[in-house]
Amino acid sequence: MTDYSDRDAQLMIRFKDGDESGFIELVNSHKQRVFAFAFRFLGNTADAEDAAQEVFIKVYNAAGKYTVKAKFTTWLFTITRNTCLNFLDKRNKKGIFVSLDEKSDSQEDSAGLQVADTKDPPPAELLMKNEQIQAVKKALDSLPENQKTAVLLCRYEELSYEATAEIMGCSIKAVKSILHRAKLNLKEKLAVFLKF
Amino acid sequence: MNCKKAKEMSTEYLSDDLNDAEKAEFLGHLKACDYCDKEMSLLSKSWQTLSLYAPPELGDEFVDSLMAKIRAGRAKKQSWIFRFIPLGFSQNTRAALSGWWKVPALTLASCAIYLVCIETGFMPSRQFAPAAISASQDGAGTISSMLSDGQETGGGGHLLTIICEGADK
């Protein structure tokens, strides 16, 4: 069934019919979400930006074959997830292993920098917050891929179980079970920081 | 309800997936069990703490750089095949035709025609290619004079005869 009520799908159809401004509007609407997913998945800004660009290039090239089957965001995040997995594969094949400690030393990619830029709390509080952010990052990175994906989609992108199941290629029941395990894992890993 | 069951329900409670009866039963257990109450509080806090991990904002140059990449990729794809498409076509038609090899049916058809040509001797196969080249060199003058005389009809036949004669030599 064709669902033209999805505004993004309409933009995609517009682009398919030759109007490039439809594509640019789509990119502007979704670039931050795609980048955010890639950033949390891959753990650094440079890779996340490259991955986000690759996602939109794939969308651009697939326009000719595009049909409105599912919600546009479901399709977009399926591409985003696959692209991020390819990036991880490439990284592993090249033998690039960045330890979590190294990553947390990187000022550019430190999520704590975001906090410092936007707020101005006392240094002790800032330090504590930065530690918590690094702990969250480590905890997320330590999750198995499917648990991490489920958390990113359901918790951060606020997608439904149905959409998440479609993106991950499994049942809704499986998504719930994966999320259950992810939540318990995260609780264990973050417990040290949360007990204070 | 026991603690094991409460643990199973804790994540569903967090996602607001429990019905009213289940919720009441679960909350009743938390009131009665200190351990599960603390575990639930920890679970809830850890889920909330995830919000702290925020990505940086993407710069405005993202779209420009993306469009530049797309155009560069498109130009690169077209460049090699573009040359073989007659100049008489418009730029758009040439761009559209340059993707013919992506259509499996057309690719298969062209391969089939090529094989048939080789099998029937309509085209010089690799085996006869050097002879054909020398023949074409021998007959170069004849061909050019044929073309300049405007003998386009049947020119292909003459050309083949010359090439075949060259191959026989």
Side-chain angles (χ1 to χ4, degrees), chain A residues 20 23-24 27-28 31-32 34-40 45 48-49 52-57 60-61 64 108-115 117-118 129-130 132-137 139-140 151-152 154-156 161 176-177 179-191 193-195, chain B residues 3-18 22 26 35-78 92 95-96 99-100 102-104:
Chain A
E20 205 173 74
F23 174 74
I24 293 173
V27 175
N28 280 321
K31 61 180 183 183
Q32 188 59 36
V34 169
F35 170 72
F37 181 94
F39 177 79
R40 292 188 182 108
T45 311
E49 217 169 307
Q53 292 215 336
E54 207 172 304
V55 169
F56 286 113
I57 290 171
Y60 188 98
N61 292 332
E108 194 196 341
D109 295 332
S110 167
L113 202 65
Q114 295 299 307
V115 177
D117 284 347
T118 52
K129 210 157 206 174
N130 274 339
Q132 280 186 341
I133 290 165
Q134 291 309 327
V136 170
K137 196 177 178 185
L140 274 175
V151 171
L152 296 191
C154 286
R155 172 66 178 80
Y156 289 107
Y161 291 135
K176 285 184 179 177
S177 160
L179 265 178
H180 171 76
R181 275 178 276 135
K183 283 172 186 173
L184 294 179
N185 276 338
L186 287 171
K187 184 196 74 178
E188 296 302 319
K189 289 170 201 293
L190 295 171
F193 289 90
L194 298 171
K195 276 179 179 165
Chain B
C3 295
K4 193 182 169 197
K5 179 77 182 159
K7 190 178 179 181
E8 276 172 26
M9 288 173 92
S10 60
T11 58
E12 290 178 80
Y13 174 76
L14 199 63
S15 320
D16 205 18
D17 287 338
L18 297 178
E22 287 170 330
F26 177 71
Y35 175 79
C36 285
D37 190 41
K38 277 181 189 160
E39 285 295 298
M40 186 61 221
S41 151
L42 209 56
L43 185 70
S44 174
K45 271 187 197 167
S46 67
W47 199 238
Q48 283 165 18
T49 308
L50 295 184
S51 306
L52 290 174
Y53 187 27
E57 281 290 316
L58 259 186
D60 290 338
E61 69 286 349
F62 180 82
V63 179
D64 293 338
S65 128
L66 170 71
M67 293 314 290
K69 253 188 194 176
I70 287 172
R71 285 185 189 117
R74 214 167 41 185
K76 201 175 168 187
K77 258 186 200 171
Q78 283 174 357
N92 282 345
W100 69 271
K102 285 184 197 164
V103 182

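This one's a predicted model, so the numbers in the text were calculated from it and none came from an experiment. Atom set for the values below is all heavy atoms of this structure, side chains included, hydrogens, waters and symmetry mates excluded. Throughout, a chain's letter reflects where its sequence line sits, starting with A, and its residues are numbered from 1.
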Legend entry - Part of Lys7(B) within contact of chain A (heavy atom distance under 4.5 Å): both
Inset, instruction - Search all heavy atoms of Lys31(A) against all heavy atoms of Gly59(B) and return the closest pair with its distance. - result: NZ-O, 4.2 Å
Inset, instruction - Would you name the heavy atoms of Pro55(B) and Arg40(A) that are closest together and state the gap between them? - result: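 In this case the closest contact between Pro55(B) and Arg40(A) is CD-NH2, 3.1 Å.
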At what distance, to the nearest 0.5 angstrom, does [atom1] of [X] lie from [atom2] of [Y]?
X	Y	atom1	atom2	result
Leu186(A)	Leu43(B)	CG	CG	9.0 Å
Lys187(A)	Ser41(B)	NZ	OG	10.5 Å
Leu190(A)	Leu42(B)	CG	CG	8.5 Å
Lys183(A)	Trp47(B)	NZ	CH2	5.0 Å
His180(A)	Ser15(B)	NE2	OG	10.5 Å
Tyr60(A)	Leu66(B)	OH	CG	9.5 Å

Legend entry - Lys176(A) and Glu12(B) ion-paired at < 4.0 Å: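 Salt bridge: no.
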Inset, instruction - Could you please spell out the steps behind the side chain to side chain contact (heavy atoms under 4.5 Å, CB included) verdict for Phe62(B) and Val27(A)? - result: CA-CA 9 Å; Phe62(B) 180 82; Val27(A) 175; 4.1 Å; yes
Inset, instruction - Starting from the C-alpha separation in whole Å, work towards a yes-or-no answer on side chain to side chain contact (heavy atoms under 4.5 Å, CB included) for Val63(B) and Asn28(A). - result: CA-CA 8 Å; Val63(B) 179; Asn28(A) 280 321; 3.3 Å; yes
Legend entry - Residue pair Ser65(B), Gln53(A): steps toward the side-chain hydrogen bond (donor to acceptor under 3.5 Å, both in side chains) verdict: CA-CA 9 Å; Ser65(B) 128; Gln53(A) 292 215 336; 2.7 Å; yes
Legend entry - Heavy atoms of other groups near Asp64(B) CG, more than 12 under 6.0 Å: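 Yes, CG of Asp64(B) has more than 12 neighbouring heavy atoms, counting only those of other groups under 6.0 Å.
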Inset, instruction - Measure Glu49(A) against the heavy atoms of chain B and call it side chain, backbone, both or neither at under 4.5 Å. - result: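 For Glu49(A), backbone and side chain are both near chain B.
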Legend entry - Per-residue contact mode, Ala135(A) against chain B (heavy atom under 4.5 angstrom):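 The answer is neither part of Ala135(A).
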Inset, instruction - Check whether any side-chain heavy atom of Phe193(A) sits under 4.5 Å from a side-chain heavy atom of Ser46(B), and report yes or no. - result: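 Of all side-chain heavy-atom pairs linking Ser46(B) with Phe193(A), none is under 4.5 Å.
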Inset, instruction - Would you please classify the geometry between the Tyr53(B) ring and the Tyr156(A) ring as parallel, tilted or perpendicular, with 30° and 60° separating the classes? - result: perpendicular
Inset, instruction - Report the option among Leu58(B), Thr49(B), Asp17(B), Leu14(B) that has the most heavy-atom pairs separated by less than 4.5 Å from atoms of chain A. - result: Leu58(B)
